[in-house]
Undergrad: 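One structure, as structure tokens, below. Some questions next.
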Amino acid sequence: MKRMNFKIKNYNCLRFAMLFLSLLFFGSLKGYSKNDEKTKNAAAVLERLIGNRVNEFELTIIENKSEHKDWFEVETTANLVKIKGSNNTAICYAAYNFLRDIGAALVSWEGNKVNLPKTWPKYSKKGNTPFEYREYLNACTFGYTTPWWDWNRWEQEIDWMALHGINLPTAMEGQEAAWQELWKEYGLTDSQLEAHFAGPAYLPWQRMGNINRLEGPLPKEWFTKKQELQRKILERMRALDMHPVVPAFSGYVPKAFAEKHPEAKITELKSWSGGGFASTFLVDSKDPLFKKIGKRFIEIYTKMYGKSNFYLADSFNEIEPPVSEHNKYEELANYGSAIYETINEAAPGAVWVMQGWLFGDNKEFWTKEATSAFLSKVPNDRLMVQDYANDRYKVWENQEAFYGKQWTYGYVHNYGGSNPVYGDLNFYKNELTSLLKNPKKGNVVGYGAMPEGLNNNSIVYEYIYDLPWSKGEQPVKDWLTKYLNARYEQKMVSKPIFQAWQLLLESVYNVKYWETRWWNDRAGAYLLFKRPTATITAFKGNPGDKKKLKEALDILAKEAKKYDNNNFIQYDLIDVYRHYYSLCIDEDLMECVAAYQKKDIAKGDQLFKKIEKQALDIDNLMSAQPLNSLDQWVKSASDYASSPAVSKLYAKNAKTLITLWGGEGHLNDYASRSWHGMYKGFYWPRWKMFLEALQKSAENNTSFDETKERELIKNWEINWTENN
């Protein structure tokens, strides 16, 4: 018996040892590591991208609390990819960088391309970034792009963020539930709140104090749906070691609240952006209500969504502060102090985040003295200025790098979701290298892009989010080669394709800002997209090199025939085609208007037919990009509702935002879209009405009443937004 027990004990020890060695060996092949629990969220991102091949990745987080800079290391064997990094986001970026470098994957808004090798090639790379934060998303994106997104779409975007190394995303969804609870505590009724909240697509400007109630009311279902969504968004962002920037109180209150508190010092502000919008109301920083409201909002928000470390508050976005001339600087300092102290008391240790846009938008008011006064009473490490418009304004240079405060450097690039083909890769590269060398850069802690609209010009964002890791040291040509190989699923793209892209870099991707989207105070990406006017004959032309663009188009059209219809070269060909011919239409419109004005009816009619054909051809071609379509935008809005009445409101919001916008100012066509359905259904019909009236005037030899025609077109636009 003793001998048998001895054998059993030894046998069990042997089994345990074999099991341990098996787990050790096979576990390493399957990507297990000692930090498996820490990296499970990064692994989940990768699994959604590459499936079971994630088992061949060994992910390890090595924290260095004394260092705030992110880093990674990647090394491969034939059957294992070992990645070490400072956190989940750094690991996700490292994994994606590796996959794209070897041409195995590309992640974009157009979709993902995955073409994995049977075995991993020999690869070794180390990377780090001098920027603690990589920022993303403008406050306006939550109107121009995301209002109808469900969790599935948000999950895709958060994966995109992680794979591009983003760790400071703006997170504005779901706040209306907190505001509603707050204002009800102060006695506001449902009907008063209905008169306050703007429609879903317009909430960003409500939050920034620019408007009230526009295109509302906000349906009750919106509050609960977005509350549930925001909980998922924040949970996922935090799980990936991101630092979501959430809302705080910046001083704005409903009109009904101001009326209930006549004893409070509350200022009714002038209408925003050219007039036509309902007034907004701002509590004075020294009034006790400012802190009381602000602290209570954060308490409610924290109860709903958990603790946060970064709070966005913008009191004066495109609004001149209501301060007296004789005591201007002290009053500005009080506003800055009130916002900071409110956040600090409600969320000790948290950082107040503000957009730096206002300092560039209104240089006349925001002098160095005014800006430094506004920031003066806030500790340097408790404020972050997001100076994200460096493709337009050099705010940080003009404002002495924000007087010792933390700040982030970046670009808007996209305004309103309007999508001409443009960007400037060499500009981004040269600006970053210049910034890092500048001894006057101050306490710059972040970098990134904060576009108002997404789903366009993917190459721009792909490049921008590589820059903080390469520090601008990689030549654009080398980067482009790897990018194209991954995008077109080739080991090496052909010389003609690379030549075409070199021409694109020289013709459209050398334009840092599409300045003609504003011309004579009229918005719209192209002349075709602007509300018609006979003054277009004075237009000086769009940016870029149209001749080189046509050369690139011809090469891409020829090369695309060698690829299947699912390859991204077909998508890029459509983008280049619609951009080039939209530019052609603009030139033809100018000639057509001039011809009718000169009573050259034959030439005018010839150009009329040419423009119509080009516009309809573009619209037809754009049907191959179903995500870039009027139908998809309106349907996603309509489907977001749970009743026909709410569906109708959402659809009207969606159509109005990208056309009329709202008010009596100059924002119509600000969010113009080069989409399927828009050329045929909106832009050309307006110009057709206008040109036919101009032609009739020329035929009858009568004066042309432009004011009358523009009013008729405006009424047509209103009917268009209301027609489902």
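The residues of the chain are indexed from 1 along the displayed sequence. What you see is a predicted model, and the numbers here were worked out from it, not measured in a lab. Values below: every heavy atom of this structure, side chains too, minus hydrogens, waters and symmetry copies.
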Undergrad: Please check: side-chain N/O of N456 versus main-chain N/O of L454, any donor-acceptor pairing under 3.5 Å?
TA: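 Flag set: sc N456 to bb L454 pair under 3.5 Å.
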Undergrad: Please answer whether the main-chain N or O of E173 pairs with a side-chain N or O of Q230 as donor and acceptor at a distance below 3.5 Å.
TA: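 Yes; judged by distance alone, with no hydrogens or angles, the pair exists.
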Undergrad: Suppose we screen for side chain to side chain donor-acceptor pair (under 3.5 Å). Which residues come up paired with R207, at least two apart in sequence or across chains?
TA: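 Side chain to side chain donor-acceptor pair (under 3.5 Å) list for R207, sorted by chain: E176.
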Undergrad: Give a yes or no answer on whether the side chain of K405 reaches the backbone of L375 with a donor-acceptor pair at less than 3.5 Å.
TA: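 Side chain of K405 to backbone of L375, a donor-acceptor pair under 3.5 Å: yes, one is there.
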Undergrad: What side chain to side chain donor-acceptor pair (under 3.5 Å) pairs are there with at least one residue in residues 351-361, not counting sequence neighbours?
TA: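 Matches after skipping sequence neighbours: D314-Q355, E318-W357, Q355-Y388.
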Undergrad: Quick check on the 6.0 Å ring-centre criterion: do Y411 and Y409 meet it?
TA: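 That pair passes the under 6.0 Å test.
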Undergrad: Any side-chain donor paired with an acceptor under 3.5 Å for Q399 and T371?
TA: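 T371 and Q399 do have a side-chain donor-acceptor pair below 3.5 Å.
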Undergrad: Test of understanding: with salt bridge (Lys or Arg N to Asp or Glu O under 4.0 Å), list the residues that count as partners of K292, not counting sequence neighbours.
TA: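 By the salt bridge (Lys or Arg N to Asp or Glu O under 4.0 Å) rule, K292 matches no residue at all.
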Undergrad: Taking NZ, NE, NH1 and NH2 as the nitrogens, is one of them in D70 or R134 under 4.0 Å from a carboxylate oxygen of the other?
TA: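 R134 and D70: salt-bridged.
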Undergrad: Which residue is it: L218, I211, N212? I am looking for the one with a side chain to side chain contact (heavy atoms under 4.5 Å, CB included) to Y202.
TA: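 The single option meeting the side chain to side chain contact (heavy atoms under 4.5 Å, CB included) with Y202 is I211.
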Undergrad: Verify whether one side chain among R238 and S308 offers a donor that lies under 3.5 Å from an acceptor in the other.
TA: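 There is such a pair between these side chains.
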Undergrad: Does atom NZ (K270) have a neighbourhood of more than 12 heavy atoms from anything else shown, all under 6.0 Å?
TA: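 For K270, atom NZ is not crowded (no more than 12 foreign heavy atoms under 6.0 Å).
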Undergrad: Check step by step if side-chain contact (heavy atoms from CB on, under 4.5 Å) holds for F281 and Y252.
TA: CA-CA 6 Å; F281 298 83; Y252 292 97; over 6 Å; no
Undergrad: For the residue pair Q406 / Y133, report whether a side-chain donor-acceptor contact shorter than 3.5 Å exists.
TA: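 Looking only at side-chain atoms, Q406 and Y133 do not form any donor-acceptor pair under 3.5 Å.
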Undergrad: Taking the basic N atoms (NZ, or NE/NH1/NH2) and the acidic carboxylate oxygens, is any pair closer than 4.0 Å for E157 and R153?
TA: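 The answer is yes: the pair qualifies as a salt bridge.
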Undergrad: side-chain contact (heavy atoms from CB on, under 4.5 Å), that's the test. Do K652 and E215 meet it? Break it down for me.
TA: CA-CA 8 Å; K652 185 174 185 289; E215 295 297 333; 2.9 Å; yes
Undergrad: Testing Y93, Y96, W109, Y461 one by one against H164 for a ring-ring contact (aromatic ring centres under 6.0 Å, His included), which residue passes?
TA: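 The single option meeting the ring-ring contact (aromatic ring centres under 6.0 Å, His included) with H164 is Y96.
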Undergrad: Using a strict cut-off of less than 4.0 Å between a Lys/Arg side-chain nitrogen and an Asp/Glu carboxylate oxygen, indicate whether D287 and K265 qualify as a salt bridge.
TA: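 No, D287 and K265 are not salt-bridged.
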Undergrad: Hey, are D150 and K225 close enough for a salt bridge, meaning a charged N less than 4.0 Å from a carboxylate O?
TA: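 A salt bridge is absent here (no side-chain N lies under 4.0 Å from a carboxylate O).
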Undergrad: Taking atom types as modelled and ignoring hydrogens, do the side chains of N419 and R673 form a donor-acceptor contact shorter than 3.5 angstrom?
TA: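 No pair is found: no donor N or O on one side chain lies under 3.5 Å from an acceptor on the other.
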Undergrad: Would you mind telling me which of F277, W661, F142, F197 makes a ring-ring contact (aromatic ring centres under 6.0 Å, His included) with W205?
TA: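 It is W661, the one option of F277, W661, F142, F197 that forms the ring-ring contact (aromatic ring centres under 6.0 Å, His included) with W205.
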Undergrad: So, Q206 versus H196: side-chain donor-acceptor pair below 3.5 Å or not?
TA: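 Looking only at side-chain atoms, H196 and Q206 do form a donor-acceptor pair, the distance falling under 3.5 Å.
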Undergrad: Who are the ring-ring contact (aromatic ring centres under 6.0 Å, His included) partners of Y186, not counting sequence neighbours?
TA: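 Result, ring-ring contact (aromatic ring centres under 6.0 Å, His included) vs Y186: F257.
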Undergrad: Can you check whether A333's main-chain N or O pairs, donor with acceptor, with S337's side chain at less than 3.5 Å?
TA: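 Checked: no pair found.
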Undergrad: Please say whether more than 12 non-hydrogen atoms of neighbouring residues, nucleotides or ligands are located less than 6.0 Å from NZ in K377.
TA: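 Enclosed: over 12 neighbouring heavy atoms sit under 6.0 Å from NZ of K377.
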Undergrad: Do the rings of F290 and Y335 sit parallel, tilted or perpendicular, given the 30° and 60° boundaries?
TA: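 Rings of F290 and Y335: perpendicular, as their planes differ by over 60°.
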Undergrad: Quick one: does C140's side chain get under 4.5 Å of Y415's, heavy atoms only?
TA: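 C140 does not reach Y415 side chain to side chain.
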Undergrad: For E135, what residues pass the salt bridge (Lys or Arg N to Asp or Glu O under 4.0 Å) criterion, not counting sequence neighbours?
TA: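 Salt bridge (Lys or Arg N to Asp or Glu O under 4.0 Å) check on E135 returns nothing, list empty.
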Undergrad: Partners of W149 by ring-ring contact (aromatic ring centres under 6.0 Å, His included), sequence neighbours excluded?
TA: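 Expected list: W154.
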Undergrad: As a test of understanding, state which of L383, V245, T408 forms a side chain to side chain contact (heavy atoms under 4.5 Å, CB included) with V353.
TA: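 One option only clears the test, and that one is V245.
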Undergrad: Tell me yes or no: between the side chains of S638 and S647, is some donor less than 3.5 Å from an acceptor?
TA: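 Per modelled atom types, S638 and S647 side chains form a pair under 3.5 Å.
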Undergrad: Would one find more than 12 heavy atoms of other residues, nucleotides or ligands at under 6.0 Å from atom NZ of K255?
TA: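 Not buried by this count: 12 neighbours or fewer within 6.0 Å.
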Undergrad: Suppose we screen for ring-ring contact (aromatic ring centres under 6.0 Å, His included). Which residues come up paired with Y640, at least two apart in sequence or across chains?
TA: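 For Y640 the ring-ring contact (aromatic ring centres under 6.0 Å, His included) partners, ignoring immediate neighbours, are W222.
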Undergrad: Taking atom types as modelled and ignoring hydrogens, do the side chains of Q175 and W179 form a donor-acceptor contact shorter than 3.5 angstrom?
TA: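 Checked: Q175/W179 side chains pair up, N/O donor to acceptor below 3.5 Å.
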Undergrad: Could I get the full list of salt bridge (Lys or Arg N to Asp or Glu O under 4.0 Å) partners for D387, not counting sequence neighbours?
TA: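 Not a single residue meets the salt bridge (Lys or Arg N to Asp or Glu O under 4.0 Å) criterion with D387.
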Undergrad: Would you mind listing every side chain to side chain donor-acceptor pair (under 3.5 Å) that reaches into residues 276-285, with sequence neighbours excluded?
TA: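 Checked against side chain to side chain donor-acceptor pair (under 3.5 Å) - neighbours excluded - the pairs reaching residues 276-285 are E268-S279.
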Undergrad: Strictly below 4.0 Å, N to O, side chains only: are E132 and K69 in salt-bridge contact?
TA: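 Here E132 does not pair with K69 in a salt bridge, since their nearest N and O are not under 4.0 Å apart.
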Undergrad: Whether the side chain of T141 engages the backbone of G453 through a donor-acceptor N/O pair (distance < 3.5 Å, no angle test) should be reported.
TA: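 No.
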Undergrad: For K635, which residues count as a side chain to side chain donor-acceptor pair (under 3.5 Å) partner, sequence neighbours excluded?
TA: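 Listed in chain order: D639.
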Undergrad: Not counting sequence neighbours, which residues clear salt bridge (Lys or Arg N to Asp or Glu O under 4.0 Å) with K295? List them please.
TA: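 Salt bridge (Lys or Arg N to Asp or Glu O under 4.0 Å) check on K295 returns E345.
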Undergrad: For the side chain of N414 and the backbone of S418, is there at least one donor-acceptor N/O pair under 3.5 Å apart?
TA: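 Yes: the side chain of N414 pairs with the backbone of S418.
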Undergrad: Run the side-chain contact (heavy atoms from CB on, under 4.5 Å) test on M161 and T89 for me, step by step, so that the C-alpha distance in whole Å, both residues' side-chain angles and the decisive distance to 0.1 Å come before the verdict.
TA: CA-CA 8 Å; M161 294 180 205; T89 303; over 6 Å; no
Undergrad: With no hydrogens and no angle check, just 3.5 Å: does a side-chain donor-acceptor pair link H261 and E263?
TA: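 Yes, side-chain donor-acceptor contact under 3.5 Å.
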Undergrad: When you check the gap from the basic side-chain N to the acidic O, do K40 and E37 get nearer than 4.0 Å?
TA: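 E37 and K40: salt-bridged.
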Undergrad: Is it the case that over 12 heavy atoms from other parts of the model lie below 6.0 angstrom from the CZ atom of R236?
TA: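 Yes, because the 6.0 Å sphere around CZ of R236 holds more than 12 heavy atoms from other groups.
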Undergrad: Which residues pass the side-chain contact (heavy atoms from CB on, under 4.5 Å) test with E235, sequence neighbours left out?
TA: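 Per chain and number, E235 pairs via side-chain contact (heavy atoms from CB on, under 4.5 Å) with no residue.
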Undergrad: Between N41 and N88, do the side chains contain an N or O donor and an N or O acceptor separated by less than 3.5 Å?
TA: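 There is no such pair between these side chains.
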Undergrad: Determine, stepwise, if the pair L49 / L163 fulfils side-chain contact (heavy atoms from CB on, under 4.5 Å).
TA: CA-CA 10 Å; L49 178 64; L163 294 167; 4.2 Å; yes
